Amino acid sequence: MKHKILEDFFYGNIHPNEESFQRSAEYGKAAECLVNEEAQLRAMLSQKGMDSLERLISAQITVTALTSEGYYIDGLKTGFRLALALLDDETDFSVP
């Protein structure tokens, strides 16, 4: 069991960016609202406005992806620092 995560990592079976969600959860509700509002906005826009909206959405996706990547990497680094601290022989882990 303890090597399962290493095997999953090796075989490319770890996909943290593909997590599913429940539509009834807060994230699902927010996503549904986003889709509905975008549809209403598209119905009101001219072709020029639609083109601008597409560029805006594309730029937002890029910013979100880069931000998520940065947070993911920082989280991994923090996790490894914590693991290394726990493995440090000089650290006293006794319960006071």
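Note that the numbering runs from 1 along the sequence shown for the chain. From a predicted model like this one, the values you see are computed outputs, not experimental measurements.
Among residues at least two apart or in separate chains, ring pair (Phe, Tyr, Trp, His ring centres under 6.0 Å) pairs with a member in residues 27-56 are Phe21-Tyr27. Judged as a ring pair (Phe, Tyr, Trp, His ring centres under 6.0 Å), not a single pair has a partner in residues 30-68 (not counting sequence neighbours). Contacts classified as side chain to side chain donor-acceptor pair (under 3.5 Å) and involving residues 67-82 (residues at least two apart or in different chains) are not found.
With hydrophobic clusters built from ILVMFWY side chains whose heavy atoms lie under 4.5 angstrom apart, Leu76 does not share a cluster with Ile5.
When the salt bridge (charged side-chain N to carboxylate O under 4.0 Å, His left out) test is applied to Asp51, no partner is found at least two apart in sequence or on another chain. Residues passing the side chain to side chain donor-acceptor pair (under 3.5 Å) test with Glu26, sequence neighbours excluded: none.
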Donor-acceptor pairs under 3.5 Å, side chain of residues 30-41 to any protein atom, not counting sequence neighbours: which ones?
from, atom 1, to, atom 2, distance (Å)
Asn36, ND2, Glu32, O, 3.3
Glu38, OE2, Arg42, NE, 2.8
Glu38, OE2, Arg42, NH2, 2.8

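Atom-to-atom distance recorded for Ile57:CD1 and Leu53:CG is 4.0 Å, nearest 0.5 angstrom.
One N or O on the side chain of Thr62 and one on the backbone of Ser58 form a donor-acceptor pair closer than 3.5 Å.
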